[in-house]
Q: 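Let me begin by handing over the structure; questions about it come next.
Reminder, nothing fancy here: chain letters follow the sequence lines and each chain counts from 1. Everything numeric in this text was worked out from a predicted model, so none of it was measured.
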4 protein chains.
Amino acid sequence: MKREMVTKRPKQAIARKSTGCRRNAQTSRSILDAAAALLQEKGYANFTIEEVARRAGASKSTIYRWWSSKMHLLLDIYGGDVEKMIEIPDFGSIEAEIIFLNRAIWKIWRETPSGQAFKSMIAELQGDPAAFEHWRSRFLPERRRKLLFTLQRAADRGELRPDIQLETVVDILFGYSWYRLLTGQIDDDVEVISSMVHEIVQGISLKSAFPAEPV
Amino acid sequence: MKREMVTKRPKQAIARKSTGCRRNAQTSRSILDAAAALLQEKGYANFTIEEVARRAGASKSTIYRWWSSKMHLLLDIYGGDVEKMIEIPDFGSIEAEIIFLNRAIWKIWRETPSGQAFKSMIAELQGDPAAFEHWRSRFLPERRRKLLFTLQRAADRGELRPDIQLETVVDILFGYSWYRLLTGQIDDDVEVISSMVHEIVQGISLKSAFPAEPV
Amino acid sequence: MKREMVTKRPKQAIARKSTGCRRNAQTSRSILDAAAALLQEKGYANFTIEEVARRAGASKSTIYRWWSSKMHLLLDIYGGDVEKMIEIPDFGSIEAEIIFLNRAIWKIWRETPSGQAFKSMIAELQGDPAAFEHWRSRFLPERRRKLLFTLQRAADRGELRPDIQLETVVDILFGYSWYRLLTGQIDDDVEVISSMVHEIVQGISLKSAFPAEPV
Amino acid sequence: MKREMVTKRPKQAIARKSTGCRRNAQTSRSILDAAAALLQEKGYANFTIEEVARRAGASKSTIYRWWSSKMHLLLDIYGGDVEKMIEIPDFGSIEAEIIFLNRAIWKIWRETPSGQAFKSMIAELQGDPAAFEHWRSRFLPERRRKLLFTLQRAADRGELRPDIQLETVVDILFGYSWYRLLTGQIDDDVEVISSMVHEIVQGISLKSAFPAEPV
DNA sequence: ATATAAACGAGACGGTACGTCGGGTCTTTTT
DNA sequence: AAAAAGACCCGACGTACCGTCTCGTTTATAT
């Protein structure tokens, strides 16, 4: 619904006074569907605007009219809103909450074109400084927010060490997920995720089990 | 020196029975130099074989003769051996050791073409399944080894919880570094690295300060 | 004007059902002009599609879109229609008619790019069996027709021996012209042509002056 | 035997002052054989020095050492000497003699690589003015000589009209043979050759049968 | 017998053109 | 006005030969 947010002329969908055809919803759907399918089937190397147009039965011009670059198409395929719909319940345990979030995201990555789209976006960005900057300052922070909020909630519950840099923790958790995605390891392995979260939450050091040596 | 390791016909440098010209070292140097410079200056989007050839004053044929794909060129630009030269001293503290390693790698990424090359490799892999598989099974494990060894050493010192999955810890630490590299944040900020390592080693949970509930 | 006759998609100029841009006449003109000029100036050895594109300010794709091979370009440069416009008057004398035709063709060969194009076509054909076959069965007969018609007319006038194989005579006359063209001797030398035609028409044998040996 | 006549350093075979290996006859044989076979099998389009070297098991350098261009190779494949061996008997009839010569040449063209080589030479020449000039002034006249001699002999016998331009007759006869060769029609069809020769010798005009109208 | 010099193979190398493909932009026509 | 069709320029792709070159081995004189 809000998909068109990133496209070039978003307002027209909202208010329109002028004459002429309105944007054809069916067309933009079939373009996005074709793009998603293509990405899934043939991978990023064969993801060409030309092929998307061919499959969608649309013209290249139409694609370029609404998505000014590959990046914009990928963003729409990514459909981050799905991800946004994840609601993290208050389990009263940060470990449980992170595990829940991680499994939810990986599930989406696995089962929708999001994963492929996300990987492709990262690839695409390495060759486009302008897009990169926009992405880093607009797109990324929005994705981090939910996790940040959850961590803050746990901190408010008194569950976390008070000197923890929450942003750093987000870096760590995001880094882990990206790494697994980029190296093709995002199976639904509860053990793996639990162990990772446990390591991070509890720390890896043995000393932490005997803290402050009171004696 | 051993850069040619990843190129197409490595044996000839070692044993040679046949006649015929040997590979021109100067040429391959100027190709790699041109490639590195180009990557640095113009980024991955403008990294074309054609341009590399132009800059190196070499012919495309020569490049293709020795590097069968962009990936192979990137691997040689990466020059992973530099990274291999890092020796992690035994500080008797895993925190110190990880901090040391992280700073050393980031320094290389910042100050040589390695960083750009590495990012570009990740991008390239997203569109080349064959290269991807080779990379995941050959290239990656070798990079992880040093960290794994250091963690094992710490475990042997009794510094780590005995149930820790070392591979998972490597995932976490690699993930963090990749994330920072891919989002353009690998300044030499000791605070950032220290805080990250501290979080991971000590854990983020407050509860960890009252552990082991001694019955 | 009808030059495009031999190109790949000729019908579109005639009837059009679909939408979309029409072929740009200016572009195709400048390609043909550039091709003709290049052939004239640098000869067939330097006649490359790349150079034609460069000179015409056109892209290679555009050339390949409309002329699928060098041969097709040459055919259009040849512009055989010019040759077709030659009208052989009925002089009442086969000798005069052949002389007329020969001079007219040689004149075109000398003064337009046709000559070079024709020689180049013959060269090109020696390495392309498919083109060769097409050329032999489609292109050649059409060229021979006019001469054949003229000979038939003379035969009908009773000017020729009734047992003459007209096709053979065409072979002889075409052969002569090709030979002169390929060996670079097509000056406007009326003597040469007249003598050749005289030899052929009257025969070279002296005995023919005492023919018919009655009984 | 005298094949090497056209190669680059012919004198060495005659006089030798220096030390060093002599030219390896076996090598040059296998090169010429490979070249001839290649020309026969794949045609002129696939006739590349590289492929000749591959087949002959020779190095490109060796080929270039002795044959400075494709043209020189073709000339040696042509092996005009074979053609030179044709001895035209004195039949006392120019018609019979021309028929004899034509059949002999066509036979050679059909049954040896000469035909292909000759066609290829003509093609090659259209893109090489220097070679062309050399060929026209050295190679061609030698080929024409035998026919010229035969015609002269007939003239001396009083068989020909005294005002005939013999060179023109050679042009006509050569033109015919070239035309048939270049259009792929050199079967051993006695009828065709006889009819052609008859047309030329007797002339095509009926009038010639009632010459000089002496009343 | 031993230099010595050429012939030779292998193959690296810088070039140039090939024919194809995708990227974007633009024009024309239809809806 | 939106969309489809598609012509067009641009530039990179990866391949194939070109002709030149170096390198090291082999072979036949000439000393």
Side-chain angles (χ1 to χ4, degrees), chain A residues 9 12 16 18-24 26-28 46-51 53 56-66 68-70, chain B residues 9 12 16-24 26-28 46-51 53 56-66 68-70, chain C residues 9 12 16-24 26-28 46-51 53 56-66 68-70, chain D residues 9 12 16-24 26-28 46-53 56-66 68-70:
Chain A
R9 314 191 203 160
Q12 300 198 336
R16 142 176 300 247
S18 64
T19 77
C21 263
R22 281 186 177 83
R23 180 170 183 192
N24 186 337
Q26 217 171 322
T27 300
S28 75
N46 294 93
F47 182 77
T48 65
I49 299 288
E50 206 117 333
E51 179 66 13
S59 70
K60 280 203 290 176
S61 339
T62 304
I63 298 180
Y64 279 110
R65 191 199 305 277
W66 301 106
S68 50
S69 71
K70 247 188 205 188
Chain B
R9 316 191 203 160
Q12 299 200 334
R16 146 176 289 246
K17 290 269 111 99
S18 67
T19 74
C21 254
R22 280 181 178 91
R23 183 170 182 190
N24 185 340
Q26 218 170 319
T27 299
S28 74
N46 294 94
F47 184 76
T48 63
I49 300 286
E50 205 116 342
E51 179 66 13
S59 69
K60 279 202 292 175
S61 344
T62 302
I63 298 181
Y64 281 110
R65 192 196 311 275
W66 301 107
S68 47
S69 71
K70 252 187 205 189
Chain C
R9 314 191 204 160
Q12 298 200 335
R16 146 175 289 242
K17 290 269 108 98
S18 65
T19 77
C21 249
R22 277 178 180 99
R23 181 170 185 190
N24 185 338
Q26 219 171 320
T27 300
S28 74
N46 294 94
F47 183 76
T48 64
I49 301 288
E50 205 114 343
E51 179 65 14
S59 72
K60 279 201 291 175
S61 340
T62 301
I63 298 179
Y64 280 111
R65 192 198 309 276
W66 301 107
S68 49
S69 72
K70 251 185 206 188
Chain D
R9 313 192 204 159
Q12 297 198 336
R16 149 175 286 244
K17 290 267 111 95
S18 64
T19 82
C21 251
R22 276 180 181 100
R23 180 169 185 192
N24 186 339
Q26 217 172 321
T27 300
S28 75
N46 295 94
F47 183 76
T48 65
I49 300 288
E50 206 115 336
E51 179 65 13
V52 172
S59 72
K60 281 201 290 174
S61 339
T62 302
I63 298 180
Y64 280 110
R65 192 197 311 273
W66 302 107
S68 48
S69 71
K70 247 186 207 189

Q: So if I take every side-chain heavy atom of D:Trp66 and compare against E:dT27, E:dC8, E:dC13, which nucleotide ends up nearest?
A: E:dC8
Q: How close or far is atom C1' of E:dA7 from atom CD1 of D:Ile63, stated in whole angstroms?
A: 14 Å
Q: If you find the nucleotide of DNA chain E closest to D:Thr62 and the one closest to B:Thr27, which residue's nucleotide is nearer the 5' end?
A: D:Thr62
Q: State, to 0.1 Å, how close B:Phe47 and B:Lys70 come at their nearest heavy-atom pair, and which atoms those are.
A: O-NZ, 3.0 Å
Q: How does each nucleotide of nucleotides 10-16 of chain F score, in 5' to 3' order, for protein heavy atoms under 4.0 Å: base (B), sugar-phosphate only (S), or none (-)?
A: BBSBBBB
Q: Whole angstroms only, please: what is the CG-P distance between D:Asn46 and F:dC17?
A: 8 Å
Q: Take the protein atom CD of C:Gln26 and the nucleotide atom C1' of F:dC8, then report the distance between them rounded to whole Å.
A: 13 Å
Q: Look at the side-chain N and O atoms of A:Arg65 and state whether any lies under 4.0 Å from the OP1 or OP2 oxygen of F:dA1.
A: no
Q: What pair of heavy atoms forms the shortest contact from B:Ser59 to B:Ala53, and how long is it?
A: C-CB, 4.3 Å
